[in-house]
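Here is the structure we will look at, set down as structure tokens.
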Amino acid sequence: MTTRAQFDKVSLAFETPKGRLNVVEDVSYDINDGDFIAVIGPSGCGKTTMMSMLAGFQKPTTGSVLFDGQPVAGPGPERGVIFQEYGVFPWLTVKQNIAFGLTLRANHVAAGERDLICDHYLGLMGLSDFANSYPKHLSGGMRQRLAIARAYAVKPQFLLMDEPFGALDAQTRSNMQNLLLKVLQTEGKTVMLITHSVEEAIYLASRIVVVTARPARIRQIIDVPFAYPRDESIQERPEFGELRSYIKHLVMDEYRAQQAQMRPVSFSE
Amino acid sequence: MDGAGVRRFGLGLIPWVGAILLWYAVRWSGFVNTSLIPAPHQVAAKFVELLTKEGLLIDIFASTRRVFFGVSLGILVAVPVGFLLGWYRPARTFADPMINFFRALPPIALIPLVIVYFGVDELAKLVILFYASFFSGVIVMYEGVSQITPLYIRVAQTLGANQTEIFRKVIIPLTVPHILTALRVALGVAWATLVASELIAAQRGLGAMIQNASTYFLLDVIYVGIICIGLIALIMDMILRKITARLLVWQDRAIA
Ligand SMILES: Nc1ncnc2c1ncn2[C@@H]1O[C@H](COP(=O)(O)OP(=O)(O)OP(=O)(O)O)[C@@H](O)[C@H]1O
Ligand SMILES: [Mg+2]
């Protein structure tokens, strides 16, 4: 198994007007080819910051982040990113948004092929009826699906997904999860996914990284004992339930720690 | 025009009719000496007379041309300069005080200097209008550009866009709205500065017409001149708004 990405004793601190803010602290783990890593932890603890170092938007203060053995120098099309804020281009129609990556020189997609790829992902994401609409006419969930379609369309080997299904209703969310599993099955990608849902993490991931309240350190890395291909039936298995309550406890712990941190004055209990 | 269009047009007409009625009312109320306020119909008659006998169209054309070239040149320079200032924060810290200094100077105060350096010909008027358009446009541009979020650029980078592609496919579309706003602001300021610029020995032009009329106390001519300036500025703004709506269909607006 080859190591795709590596966090090696990574720490990151932001200089803010109020002083130094440690956001990521001494994080080390490897992501191997074909891995599906889910990162889970309380809001504001530093998950997005951790991911953006691998995406190439932020440099670690100490330690190093490697991709294919090289320190990450900047963003690139081999690392597709689905941003927490979606970032769909408001000046392009739905179809033009999906086509955006395909028209770039780096991706070498022939003009004749683009239409087919666009139509494929429009259908997959249930956006066909809105192909020529502008994003201002889309709901939050549709924008999220559009951002997913746009990232999938250029077929990156490595996907970084920051709460990609957060804005979706339960039904669409589970459709999107199954679709992602199918895409991975056929295209063999490596994924790093940030989520707040323990069920989603167990259902999708091969390994779950539970991170602490800010600064994000590794609380525990948990191997998920289910083989791929998976389907919804695993959610009924007793191991699934046990794992879920175990991880929920860890996450709850850190959630409380984060709450305590954010409280300006401490109350006597 | 469809039904809604007719209604919007009718609604837009109401304040004008109101203004004219008020104008008559002030005249007839007796509070003001009627010789100081020509009646709307007298102004209208003067308008027709100037149009047919005095070549009002030549004045309109002269002024419109000055505004057009002044604004075009001003915006042509303001767009790249404003863009650079908005894009590179250090450049802004460096140039901001100076731009605000020059912007605060009323163009009319510069007229003596402009005459010294640029003479009294067309060039001098163009310089004044250029000055006014540039400084109003550049501020709109850089305020707008500095508010562009890096998110879209990041998205483009993760999809594989290189520097030129980011510029062509992301930065330009995000800049167009600010260029159009800068154009509209500059146009308004340029029309407001026109009369001052035509203080410089202008033979023709609406501003020149107003000034000549004021020496002979021809109030009706002054009224015609003012109304013409207002109307042409309004028409130009409407055209720009139409173009803006066309180019920016994608924008989220409260009103369609
Ligand atoms: N550029 C920055 N400058 C200063 N502070 C920052 C910056 N980016 C993030 N932070 C701070 O770092 C902390 C972690 O932010 P981050 O976005 O990584 O959290 P997160 O775990 O992704 O949260 P969420 O689950 O809510 O998305 C926050 O307290 C945030 O305010
Ligand atoms: Mg986040």
Side-chain angles (χ1 to χ4, degrees), chain A residues 48 51-52 54-58 72-94 96-109 132-138 143 146-162, chain B residues 79 83 86-90 92-93 140-141 143-184 240-256:
Chain A
T48 298
M51 179 177 278
S52 71
L54 185 49
F57 296 118
Q58 223 110 50
V72 173
E78 70 289 342
R79 279 159 291 140
V81 180
I82 294 165
F83 290 84
Q84 194 167 8
E85 311 88 343
Y86 322 152
V88 298
F89 300 130
W91 64 93
L92 299 179
T93 63
V94 167
Q96 288 166 339
N97 259 282
I98 301 178
F100 184 91
L102 306 173
T103 61
L104 302 174
R105 200 115 44 84
N107 296 312
H108 312 289
V109 183
N132 298 315
S133 307
Y134 285 97
K136 67 174 174 182
H137 297 301
L138 302 184
R143 284 177 211 196
L146 176 56
I148 297 170
R150 182 179 59 185
Y152 284 4
V154 295
K155 297 195 178 6
Q157 316 148 355
F158 199 109
L159 265 176
L160 297 155
M161 312 173 85
D162 197 349
Chain B
V79 164
F83 180 82
W87 202 251
Y88 300 103
R89 198 168 288 275
R92 188 153 74 249
T93 342
V140 172
M141 266 305 282
E143 288 287 342
V145 170
S146 64
Q147 261 147 49
I148 291 178
T149 74
L151 176 65
Y152 298 123
I153 294 161
R154 291 181 167 199
V155 169
Q157 285 174 321
T158 63
L159 291 167
N162 60 31
Q163 292 297 317
T164 13
E165 285 168 329
I166 289 174
F167 186 76
R168 264 191 24 239
K169 296 177 173 222
V170 179
I171 293 173
I172 290 186
L174 286 173
T175 308
V176 169
H178 304 301
I179 296 178
L180 291 168
T181 312
L183 204 53
R184 276 183 68 192
L240 256 179
R241 277 216 317 242
K242 275 263 179 305
I243 295 173
T244 305
R246 229 342 119 72
L247 283 177
L248 304 181
V249 273
W250 54 270
Q251 273 195 340
D252 232 340
R253 288 280 173 93
I255 307 154

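Hydrogens, waters and symmetry mates are skipped; everything else that's a heavy atom, side chains included, is used. So that the names make sense, note that chain A is the first sequence line, chain B the second, and so on, each numbered from 1. Remember, predicted model here, so these are calculated numbers, not experimental data.
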TODO: Against chain B, work out which of A/Pro77, A/Gly80, A/Ser133 has the most heavy-atom pairs shorter than 4.5 Å and name it.
DONE: A/Pro77

Open item on the list: Would you compute the distance between atom CZ of A/Arg105 and atom OG1 of B/Thr164 and round it to the nearest 0.5 angstrom?
Closed with: 6.0 Å

- [ ] Name the member of A/Gly74, A/Pro90, A/Pro75 that forms the most heavy-atom pairs with chain B at distances under 4.5 Å.
- [x] A/Pro90

Open item on the list: Heavy-atom pairs under 4.5 Å with chain B: which of A/Gly87, A/Ala106, A/Pro156, A/Gly101 has the most?
Closed with: A/Gly87

TODO: Among the options A/Ala147, A/Gly76, A/Ala55, pick out the one with the most heavy-atom pairs lying under 4.5 Å from chain B.
DONE: A/Gly76

Open item on the list: The test is side-chain contact (heavy atoms from CB on, under 4.5 Å); show your working for A/Thr103 and B/Lys169 and say whether it passes.
Closed with: CA-CA 10 Å; A/Thr103 61; B/Lys169 296 177 173 222; 2.8 Å; yes

Task: B/Ala156 versus A/Phe89, closest heavy-atom pair with distance - done: N-CZ, 4.2 Å

TODO: Go through the atoms of A/Val81 and report whether side chain, backbone, both or neither lie under 4.5 Å from a heavy atom of chain B.
DONE: both

- [ ] With a 4.5 Å cut-off on heavy-atom pairs, point out which of B/Leu151, B/Val249, B/Val155 contacts chain A the most.
- [x] B/Val155

Task: Contacts of residues 170-184 of chain B with chain A (heavy atom under 4.5 Å) - done: B/Val170, B/Pro173, B/Leu174

- [ ] Might you point out which heavy atoms bring B/Gln251 and A/Lys136 nearest each other, and give the distance in Å?
- [x] O-NZ, 3.0 Å

Open item on the list: Distance check, rounded to the nearest 0.5 Å: B/Thr158 atom OG1 versus A/Ile82 atom CD1?
Closed with: 9.5 Å

- [ ] Give, for atom CH2 of A/Trp91 and atom OH of B/Tyr152, the distance between the pair rounded to the nearest 0.5 Å.
- [x] 6.5 Å

Task: Region of B/Gln157 in contact with chain A, defined by heavy-atom distances below 4.5 Å - done: both

Task: B/Arg154 to A/Phe83, cation-pi by 6.0 Å centre distance and 45° axis angle - done: no

